[in-house]
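Quick notes on the structure that follows.
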Number of protein chains: 2
Amino acid sequence: MSAAEETTGEDTPWGEVTPEAARRLLVAAVDAFAERGYHATTTRDIAGRAGMSPAALYIHFKTKEELLHRISKIGHERALYVLDTEADRDGTAAERLAGAVRSFVRWHAERHTTARVVQYELDALGEEHRTEIVALRRRSDAVVRRIIGEGVRDGEFDVPDVPGTTLAVLSLCIDVARWFNAQGSRTPDEVGELYADLVLRMVGARTPSGQK
Amino acid sequence: MSAAEETTGEDTPWGEVTPEAARRLLVAAVDAFAERGYHATTTRDIAGRAGMSPAALYIHFKTKEELLHRISKIGHERALYVLDTEADRDGTAAERLAGAVRSFVRWHAERHTTARVVQYELDALGEEHRTEIVALRRRSDAVVRRIIGEGVRDGEFDVPDVPGTTLAVLSLCIDVARWFNAQGSRTPDEVGELYADLVLRMVGARTPSGQK
DNA sequence: CCCGAACCTGAGCAAGCGCTTAGGGGTGGT
DNA sequence: ACCACCCCTAAGCGCTTGCTCAGGTTCGGG
């Protein structure tokens, strides 16, 4: 209940992008990148969507690539935060894994425009920026692997190949950004629930999540 | 055991592309599109990789988009053929599902450069070409859904949400094209095996595939 | 020896790209 | 009233893009 600055602004989607004009440009860029891809998007298109002239973009961002970098970084941090929050809860490994997948998938479905940019425009980034982002992604991997590992250790899960299953779980979640459509028949909550259940099956959890 | 024309040339990767120079250009385009994406690839780059001048490209293909279309079409047909072949075998639904996933995943891993173009450059296609390709993709969906549906009907599988699970299974397989790396530690066969097992768990198959 | 077809190249066009620069106009402090 | 400051635009620069076209090379048949 404080001011504008927080670790992760939950209220407004891009709250931490401080000059209001810069935020409008960034939001426009997210839409454009998600629709047509980074390389197919022109700076004129971005500026146009934000209701500004092409030159206005370069007052707030040094290059077009910097725009992508800021989107990618904030997006990854948000996704990682969502994952971490659920992973750090109390409960069995199954509960934590289901919670993590549910939230992570819900995030990818709700914010699927952002997620599409974040997940699929990674190698449009420059060398330095890409390695920075890749480091963030490895942390997501570590979080999921840890939960699965703990589940195996405690005898909750039956997983022959922990790294492989971790990869598959994350892959499944991430790909939601590709196919999810807001006009589709499934809500983000429904997809999250479905996927949490599927992942528990993948790890051979002894107790299905929602028992009814 | 006949001449050059077959439903799907299994021998040479792009055997059906008939003028030899056109095939060289097409292969170069697959590599370039997979590495940098369709929009970031220039016609000069494609021609250069094929050892020709930029103008040579336009003798064999009307536009850059036609190149992508031919790649996408042939690629989708191959992938669908692989899926169909396994789906039409004799055996239990579990055996057929495992076989289909194993082959489909192996295809995406082995031909991951092609697959990457095929799966992720879909909306770089023009309106007409895209709808044509989307129709092919729906057939893949139908194949998987049929197997899962039959498994449920015969009491082999326990699947509360058949369309949703179908979606997840295909999503999992397709995303292999994104992360698979030839220098990585897993072979296409290993990934196929792992994924076949994971999918059988997802559908709650009563008999695990490889019983040892 | 020449012909015509198949194939490819050098040079280049119009358009569009990312980005820069000079300057205009509104706002708040004093 | 005035100035410093921020924010934005019109115009355009240098370059690259997808694509074109006139012309050259190669080769089998007469």
Side-chain angles (χ1 to χ4, degrees), chain A residues 4 14 16-72 117 121-130, chain B residues 4 14 16-72 117 121-130:
Chain A
W14 298 100
E16 62 260 69
V17 184
T18 41
E20 208 266 335
R23 176 166 51 241
R24 258 167 43 220
L25 283 163
L26 193 137
V27 169
V30 170
D31 287 347
F33 291 163
E35 255 179 49
R36 308 145 82 111
Y38 175 80
H39 289 293
T41 300
T42 69
T43 55
R44 284 168 236 272
D45 183 22
I46 297 169
R49 286 178 193 239
M52 301 182 199
S53 82
L57 199 151
Y58 292 89
I59 293 161
H60 302 283
F61 303 93
K62 240 188 319 199
T63 63
K64 178 180 158 187
E65 196 261 357
E66 189 195 317
L67 251 173
L68 178 61
H69 175 231
R70 294 207 58 181
I71 292 167
S72 202
V117 178
E121 300 292 347
L122 211 134
D123 43 40
L125 288 167
E127 191 66 38
E128 283 184 42
H129 286 160
R130 184 169 56 248
Chain B
W14 299 98
E16 61 261 70
V17 183
T18 40
E20 207 267 335
R23 176 165 52 240
R24 258 165 47 219
L25 283 163
L26 193 137
V27 168
V30 170
D31 288 347
F33 291 163
E35 256 179 48
R36 308 145 82 112
Y38 174 80
H39 289 294
T41 300
T42 67
T43 54
R44 285 169 236 270
D45 183 22
I46 297 168
R49 287 178 192 238
M52 300 180 199
S53 82
L57 199 152
Y58 292 90
I59 294 161
H60 301 284
F61 303 94
K62 239 187 323 200
T63 63
K64 178 180 158 188
E65 196 260 359
E66 188 195 317
L67 251 174
L68 179 60
H69 175 231
R70 295 208 56 182
I71 293 167
S72 202
V117 179
E121 300 293 349
L122 211 135
D123 43 37
L125 288 168
E127 191 67 37
E128 282 185 43
H129 287 160
R130 184 168 54 250

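Values reported hereafter were calculated over all heavy atoms of this structure, with side chains retained and with hydrogens, waters and symmetry mates removed. Residue numbers begin at 1 in each chain, while the letters A, B, ... track the order of the sequences. These figures come from a predicted structure and were not determined experimentally.
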*Assess B/Lys64 against B/Tyr38: is NZ or CZ under 6.0 Å from the centre of the six-membered ring, and within 45 degrees of the ring's axis?*
yes
_Closest listed nucleotide, where the reference is the side chain of A/Thr42 and the choices are D/dC19, C/dG18, D/dA11_ = C/dG18
*Interatomic distance where CD belongs to B/Glu66 and C1' belongs to D/dC19 [whole Å]*: 14 Å
_Closest to the A/Ala56 side chain, choosing from C/dC8, D/dC8, C/dG18_ = D/dC8
*Which of the following nucleotides, D/dC19, D/dC8, C/dG10, is nearest to the side chain of B/Thr63?*
D/dC19
*Send over the distance from A/Ile59 CD1 to C/dG23 P, rounded to a whole Å.*
16 Å
*Taking NE2 from B/His39 and P from C/dC17, how many angstroms apart are they, rounded to a whole number?*
12 Å
*Could you check if a side-chain atom of A/Ser72 sits within less than 4.5 angstrom of a side-chain atom of A/Val117, using non-hydrogen atoms only?*
no
*Answer yes or no: is there a side-chain heavy-atom contact under 4.5 Å between B/Leu26 and B/Ile46?*
no
*Does A/Arg44 get its side chain close enough to the base of C/dG16, under 3.5 Å, for a donor-acceptor pair?*
no
*Whole Å only: how far is the CZ atom of B/Arg23 from the C1' atom of C/dC7?*
16 Å
*When you check the phosphate oxygens OP1 and OP2 of C/dG18, does a side-chain N or O of A/Thr43 lie under 4.0 Å from one of them?*
yes
*Could you tell me the separation between the CG atom of A/Leu25 and the P atom of C/dC19, rounded to a whole number of Å?*
14 Å
*Nucleotide C/dG18, atom C1' - distance to CG of A/Leu57 in whole Å*: 10 Å
_Ion pair check, B/Asp123 and A/Arg36, cut-off under 4.0 Å_ = no
*Measure from the side-chain heavy atoms of A/Ala55 and tell me the nearest of D/dA11, D/dC21, D/dG18.*
D/dA11
*Separation of B/Asp45 atom CG from D/dT16 atom C1', in whole Å?*
13 Å
*Would you classify A/His60 as touching base, sugar-phosphate or nothing, given that sugar-phosphate means primed atoms plus P, OP1 and OP2, and contacts are heavy atoms under 4.0 Å?*
sugar-phosphate
_Measuring to OP1 and OP2 of C/dT20, would you say a side-chain N or O of A/Tyr58 lies under 4.0 angstrom away?_
no
*Check the pair A/Glu20, A/Arg24 against salt bridge (Lys or Arg N to Asp or Glu O under 4.0 Å), reporting the backbone distance first and the verdict last.*
CA-CA 6 Å; A/Glu20 208 266 335; A/Arg24 258 167 43 220; 3.5 Å; yes
*What's the CE-C1' distance between B/Met52 and C/dA6, to the nearest Å?*
13 Å
